[in-house]
Structures are given as structure tokens and as C-alpha cells.
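Worksheet: one structure, shown below.
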Amino acid sequence: MIRTLAKAWAAGIALAFLAPGLANAALVFDLQPPVTPMARQMYELNVYIFWICVIIFCAVFGVMFYSIFRHRKSIGHKAAQFHENTTVEIVWTVIPFLILLGMAWPATKTILAMKDTSGPDITIKVTGYQWKWNYDYLQEGFGFYSNLSTPLAQIENHEPKGEHYLLEVDHPMVVPIDAKVRVIITAGDVLHSWSVPAFGVKQDAIPGFVRDSWFKAEKLGTYRGQCSELCGKEHGFMPVVVEVKSKEDYAAWVAAQKQKVASAKEDPSKVWTEADLAAKGQTIFAANCAACHQANGKGVPGAFPALDGSKVVNGPDDAQIALVLNGKAGTAMPPWKQLSDTDIAAVITYTRNAWGNHTGEAIQPSAVLAARK
Amino acid sequence: MSSIPHDQAVAGHTDGHAGDHNEGHGYHPTGIMRWITTTNHKDIGTLYLLFSLTMFFIGGCMALTIRAELFQPGLQIVHPEFFNSLTTLHGLIMIFGAIMPAAVGFANWQVPLMIGAPDMAFARMNNWSFWLLPPAAFMLILSFFVPGGAAAGGWTLYPPLSVQAGMGMDLTIFAIHIMGASSIMGSINIITTILNMRAPGMTMMKLPMFVWTWLITAYLLIAVMPVLAGSVTMLLTDRHFGTSFFNAAGGGDPVLFQHVFWFFGHPEVYIMILPSFGIVSQIIPTFARKPLFGYASMVYAVASIAILSFLVWAHHMFTVGMPAAGLLFFMYATMLIAVPTGVKVFNWLATMWKGSMTFETPMLFAIGFLFLFTMGGFTGLVLALTPIDIQLQDTYYVVAHFHYVLVAGSLFAFFGGAYYWLPKWTGTMYNEKLGQWHFWSSMIFFNITFFPMHFLGVAGMPRRIPDYAQQFADWNMVVSIGAFGFGLSQILFVVAVIKCIRGDGAKAPAKPWEGADTLEWTVPSPAPHHTFETPPVIA
């Protein structure tokens, strides 16, 4: 019986090792296809180490299973009594050491190349927030947030899931092909990690510190990764999406972004109607607040307070403005200073008039501007 | 030989029947008080092992809830924040509640028996170090019911996320303090016992391997438990008393926590595996009927692993953005650990080579350990290589790796050890058929659960996420099925243990294993309450 089970085992192991050849099947087996020089080196190193391990595996367990089948009491094998041999001890210390040297050499070369972030063509600042990414094109003077765009209905199983379920965002990062892109990475609240497997980049985002990494994409397309450091409740819901465009398309995209920034310059002294503010506020709430306070304003009991019926939301407006701007120390509520005056005014107006809240007040951007001082 | 007074000896002199070994030791509480007030190493060993088994099932239920949620894409069963609490507490409970206390339980039962000592050196402290554990476990479980829920920042408790958390985190921090104190006391006890209470003639280089591995483990514990206590205390003061050890806005550094934590955390993984090495080093020679090959080199290998374990901590942090020199140092040091670990594997194989092997349940678990632990060693080597680790850090590949070394490593060795010594502990042979079923179902379901995680990891599925993209769906379903199979298989173990405790099975002779040669097999089965009051003399 042990013999047949062992055979089944051997078959299972063989299947596992042949598996990378089946990469086209529905099951995933392998690293994502690399599109940068660094990712390719990582991929090749992985294949190289894999085969070394397979050879050692076969040698070591070949010996073990031979011994298990031949040196058993049930077939009458008598135990030898040797228990020491300095020569073999030295041999099996030195040989593994030499194998390790053979592994360390290519790895060292890759590490040195990986850490060389000098001479970039473009520098983009990436900031992780709970639970979205911000991309700031430092040389071009614009930036934007990138939020998960998978509808809640798909996550909660009310709708069929799309092709890029959980790996799609409203505004992806866009980079040109064949350019050395340096990403400088930080975070606004807790640790995050910016990761794009096809680029071979994974760099933790650390609040208060700036780290960098680089990539040079060699193939047009859309590449997807996920936040790779636990960052709280929505950790699984903050993907990284990068579009690699041709140089011309990239230039056109940059021009369009700049145009958008210029036309969107809001005048904080403009006076809005309550309906306009609340409508704008609803989208801002969905993108920034609903993760904790929930779309229905009920929060999560014990973890995130309800806004529906909240004393703060139905109380004096300057207290609510201060809380939104500065956050609340010691809780999960972060400061939201990075949003524009109009956005903050809009979202506060929305909360004060949504669900069971009926203050009827419209908070103007000028009030937020005043509170910032 | 022992100049250290201990309770039994003192009690023995008061009633005039000091020569009578099994009775006449004065007042013995019965019922629950026997267990609460016990200072007997065998009773305390039993308490540790039963506690650990209980926590193993609690942590296991958390794992199964996680796997139920991950059975399909989408959110079905738990909310994301509760999911994070489950992954966090599953880790903490399995490490501090199941694996570590089980190892101490084995030490309590076996170290005095194997070195010919009558009991542990500090019998009352032994009682205290056990009874600290249930309150700590209670606090961990209680944390699910406080406002804000249990800690949800991962068992590694990285700030700033852990600074944001509710009071569940404070309960976790205090529980870690208490369990750390318990571990330190247990270690002092074990070291003192081994160094001072060996039977005449039991020189250090004659110690059974299990005793050696525990001696080195105990030193590791004393070295790193205070580091963990310090790091979680800094977390506590950051949370409540306005310090900024880990807060950049106040001049601190979140990465500092990771350095300090992993300075504890890496030796910790050897704390969990070295006693298992020891158990396997007892089982394999017994069932190969051949002495352990390369005893001295095994001792040196364990010592080298222990020393190297202090130099490799930052390989858990290759993605924090270290300078190239840091990456290279920690990569080389980590790879170096493969050398002594390889020596151990080769020595075990050489012990089996040309032996006369039989395959009772303890031996099956030892071979299962050898096979799967080595696979975990290979993936460890892969992860040690920084460029590959960049791709695999914080993915399911890491989850697969550490379950191969902790479940198929530590836990399988403990199962093997339990079957090996249950006849000595209970006086009843375990049911061999049940043990074989337990082994094979654990072995098969373990691999169905954890082997596909390697594939998920290389394909890029991050760990600690409650929901995942479509391309990961098929393997996750396989993994979840395997997990439930593995969980249910463990009920067989409980049945086997209960049958032994109730005496339902063949009566165990003093030495049920033909090839066993350590001292515990010279006393009757079950081992009497007091053993080796007159030390045996080792030739």
C-alpha cells in the first residue's frame, strides 16, 4: 500500500514540476510575463533556481526513497551500526556551499541593477492612502487619485464579475514605452506597497519617508498589480493599474491632463447652490468616505461611526469642517487637507443633507478656505 | 547530585515514607486542585499539551473561516475588517498558543525523563509559567468582543496600522507580554534543569538530541522574548502616551518596528522548529534501529542555525527599500543557513541509510516532516534571493513557504512525538490504524491545501486579502477544500489521544519501541508520578 501511495506521490510531484508548461490553462502557475529588463532578470533567475532545486530534490529524495524501499525490516534488512564519517560530513557541507555561490552570483548582479535609479526620463511620485493611490507627475505639474472602479454590486455578488474584477481603477497611471520611469513612493497614513509584477517592482510605501524604484516598460499594454502590504480593511481593494502608451499617445495624454487641470481650477469664492454641492459631494463621498462610513451613512458599528444622525454632522458646521480637514487623532479618520476647498465643502454639504440628515445648509468653499487658516 | 531543593524531596522527608516512590508523598490534592497546584513536571507537561491542542483547534477554526470566505471570489461570509482580525489572531494563536506551548509541553515531560532528573529545577515556577498562559489566551479571544474588534493588523502588528486600531490591540499587546514572561520562565527552568540536573555520567555530548535542541531553543527564547516585549511596549506607548517611536511626524520611523520585531521574529521561527528537529532526531534512529548519524555535527548544526538566526532578520523586509549593501548582506547570511540545515537533512538520511526500518505512525510523521520540511527549505532558499523575493514578498508563496515549515515542519514532528511518547505518558498503546489514517489524510490534505498556494503566489495573489481577482479563483477553491479536509483529519488525532488516556488499547510495555535507547524507556509505562528520585548512572 505504501508503494502505491508513493507512486501516486511521484506522479503528483512530476505534475507539479511540469506545471509551468501548462501556463495557458485556466489555472495560474507562473510569474506574470515580464515586460521590463528587471522583471525579465527576476524571471530568469527564478527559472534557474527552480531547476537547481529540482535536481537537489531528486537527488536527496531519490536516496531517501531508495532507502525506504530497500532498508526496511519487513524485507529482512539488518541494520548497520555506523554513525560517523568525517569525510562525508565535510563533503555535504562544502558542496551545498558551492551551489549557494552559484546562486548568489546572478542574484547579486540583479540587485545592483535593480537599485540603480539614476538618470530617469520621467519621475512620478506615488502616494498610498487608505485605500487608493495618488500619482503626481512632478515635472508636468499635475496629479490625480486612482480608485478601485469595480462596482460594489460585483463584490457583494449581486452582479456577475467583470474580466478585471478588483484589478481595475478609474484613473490608471500612464507611462510612455521605453522610458526609464523613476517612481518615488511614500504613504499618507499607514504602510502600503506599490507592486506591479510584470515590471518587477514592489516597493513599500512608508508614511514620512520616501523610497524609490524604477522600470522601463518595453511593451504597450495595461499592467495590473495590488497593494502588497496590509493597510487595513480595504487592503484587498486598492489595485495598481499602469497603462504603457506610445510616446505620441503619452504626450497627447499629458497635454489633455494639463488642459483638465487648467479648466478645473476652481474659484473658492464662487457661491454654489445646495443641490449642486450635494450632487458633487455624493461622488466625492463615494470615492473617499464610503469605504468606512458606508454608502448608507451607517458606518460599521464599533469600528467606524455612523454619519446618519451623527451629532457632528447635524451640529455646528465649523466643527465638522475642522474634523474633515484635520482628521481625528487616535482614530482611523485621516486629515483630508489634500482635497480642494470645493470638494470638502461639497462632501460636507452632502453629508448634512443625505439620509436622515436634513440641516438644509449649503457649506460654501469660502468657509473651508477660511477654516484652513 | 542535585543541590537544588524541590518540592517532592522536601515533602518526601516529612512523612517518614521517603523510600516509597509512588505513594507517601504527603498531601495530594485531587480533582481540579491537583492541576492548579501541581508542581510535577509530568502534570505540567500534560497541561501544556492539552492547552496547546485546544488552541490548535481554536486557531484552526479561524483558518477554516478564512478559507470559507476565500472559497469563491466576492464577499460572502465575513466583513473585510473581521477577516483581517481572523488572519491576525490565527497567526498569534497558532504561534504563541499552539506551537510554542506544545514544544514546552514536550520539554516538561521529556527533558527530566531523558536526562535522569527527578523533576524540573524550579517546580513552582514551572506551575506559574503554565498558568500564565490561559489568561493570556483568554485576553486574545476576549479581544474579539471589545469595541473595534480584535487586532487586525496582521500577527506582525506593523505600525502605523496597529496604532490606529481599537482596544483589541491593547489586549493583544498585554497577552504577548504575559506569554513572553511565561516563555522566559520556562526557558530558565529548562536551561537550569539541563545544566544542573543530569544523571551522573550524562555528559553534555551524551545528551539526547531532543534535549540539545531544547537547550539551544531556550537560549534563543531568553535572547529574543524581551526584544518582542520591548517592541510591543513601544507600540503601546505610541498608542496611548504620545511617544513617537514609530511615527515619522514625531521623529520616529515605522520601519524601526519592523527591524526590532524581526530581530525577535526570525529567531522565533527557529524556536518553533528546533524542538521539532530534536523530536525527529529521536524518532528516526529508533525506527531505523540504528544510532543517529553524525551526532556531534548535528549539535554543531543546531548551534550554527541558532547563531545565524540573529543575522538574517531583514530578509523579511526586502521591499522596505534598503540600500544595496543591506540587501546583499541579508541575502548572503540567509542563504548561509541552508548549509547547517542541509547538514541536518543529510544526517537524518544517513541515519535511515542501511537501517532496518519499520513505519509506525511516529516514523511516518518523521518522514513526512523530512520530506515536506525540505520542500519548505527549498522555497525558503528561493525567497532568500532578493530579486525573486521582490516578486514574491507578501504573496501566497510566502504563506505556502511558512506553512510548509511550520505545519509540515513543527506540527508534523509534534504529532510524531505525541504518537512516539503517548505509550509512555498514558501506559496505553495508541491505535496504529487510527494513527496511520491520521498521517495519510494529514499528508494528502496538507499538500492539497498548501501546494497550490505556491502557484497563487507566483501569479501575484497578495496575502491577507478577503477577496481576489478571477484568475486566482480555481486554485483558491482547491485550497479551501484541502483546508477543510486537513482540519477534519485532526479529529482523528483527538480520538487517538482520548483512546490512550482512557486506556482503550493494548497495554504499553516499558519500552514499546525495539530501537529506542533513551532513559525514559527504562521506567514503567505509564511513567510513575515520580521518577529517578535516585539518579540512574550512565555508563
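No experiment lies behind these values; they were computed from the predicted model shown. Convention: sequence-line order gives letters A, B, ...; per-chain numbering from 1.
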For this session: Please state whether the side chain, the backbone, both or neither of A/Q81 comes within less than 4.5 Å of a heavy atom of chain B.
Result: both
Exercise. A/K78 versus chain B, heavy atoms under 4.5 Å apart: side chain, backbone, both or neither?
Worked result: backbone
Seminar exercise, completed: The interface call for A/I95 against chain B, heavy-atom contacts under 4.5 Å, is neither
Exercise. In terms of heavy-atom proximity below 4.5 Å to chain B, should A/Y165 be classed as side chain, backbone, both, or neither?
Worked result: both
Problem set entry | Interface residue of largest heavy-atom contact number with chain B, from A/E156, A/Q130, A/H164, A/E163, under 4.5 Å | A/Q130
Seminar exercise, completed: When the 4.5 angstrom heavy-atom criterion is applied to A/C53 and chain B, the contacting part is both
Problem set entry | Residue part contacting chain A, namely of B/P159, when any heavy atom lies under 4.5 Å | backbone
Exercise. Using non-hydrogen atoms only, which part of A/L112 is less than 4.5 Å away from chain B: side chain, backbone, both, or neither?
Worked result: side chain
Exercise. A/F82 ring centre to B/K290 NZ or CZ under 6.0 Å, with the angle to the axis within 45°?
Worked result: yes
Exercise. Ring centres of A/F29 and B/W475 under 6.0 Å apart?
Worked result: yes
Exercise. Distance only, no hydrogens: is a donor on one side chain within 3.5 Å (strictly under) of an acceptor on the other, for B/D394 and A/S193?
Worked result: no
Exercise. If you draw a 6.0 Å radius around CD in A/E159, do more than 12 non-hydrogen atoms from other residues or ligands fall strictly inside?
Worked result: yes
Exercise. Side chain, backbone, both or neither: which part of A/L167 has a non-hydrogen atom closer than 4.5 Å to chain B?
Worked result: side chain
For this session: Can you tell which part of B/M298 gets under 4.5 Å to a heavy atom of chain A, answering side chain, backbone, both or neither?
Result: neither
Exercise. Rounded to the nearest 0.5 Å, how far apart are CG of B/D467 and CD of A/E234?
Worked result: 10.5 Å
Exercise. For A/D116, is it the side chain, the backbone, both, or neither that has a heavy atom closer than 4.5 Å to a heavy atom of chain B?
Worked result: neither
Exercise. Given that the side chain runs from C-beta out, which part of A/V94 has a heavy atom under 4.5 Å from chain B: side chain, backbone, both or neither?
Worked result: neither
Problem set entry | Region of A/N157 in contact with chain B, defined by heavy-atom distances below 4.5 Å | side chain
Exercise. Atom OG1 of B/T374 and atom CG of B/L349: how far apart are they, to the nearest 0.5 Å?
Worked result: 7.5 Å
For this session: Apply side chain to side chain donor-acceptor pair (under 3.5 Å) to the pair B/R464 and B/T88, showing each step before the final yes or no.
Result: CA-CA 9 Å; B/R464 295 166 168 170; B/T88 305; over 6 Å; no
Exercise. How about B/Y397 and B/H454: are their ring centres within less than 6.0 Å of each other?
Worked result: yes
Seminar exercise, completed: Turns out that what part of A/M103 lies under 4.5 Å from chain B's heavy atoms comes down to both
Exercise. Can you check whether B/F318 and B/F330 have ring centres sitting under 6.0 Å from each other?
Worked result: no
Problem set entry | Interchain contact, A/F97 with chain B, by part (heavy-atom threshold 4.5 Å) | both
Problem set entry | side-chain contact (heavy atoms from CB on, under 4.5 Å) between B/F82 and B/F144, intermediate numbers included | CA-CA 9 Å; B/F82 185 62; B/F144 276 103; 3.6 Å; yes
For this session: For side-chain contact (heavy atoms from CB on, under 4.5 Å), just list the numbers for B/Q393 and B/V398, CA-CA rounded to whole Å, side-chain angles, deciding distance to a tenth of an Å, and then say yes or no.
Result: CA-CA 7 Å; B/Q393 168 90 23; B/V398 177; 5.6 Å; no
Problem set entry | Which atoms of A/I49 approach chain B - backbone, side chain, both or neither, heavy atom under 4.5 Å | side chain
For this session: Using a cut-off of under 4.5 Å on heavy-atom pairs, state which of A/Q32, A/E89, A/M64 scores highest against chain B.
Result: A/E89
For this session: Could you look at A/F237 and say if it's the side chain, the backbone, both or neither that has a heavy atom under 4.5 Å from chain B?
Result: side chain
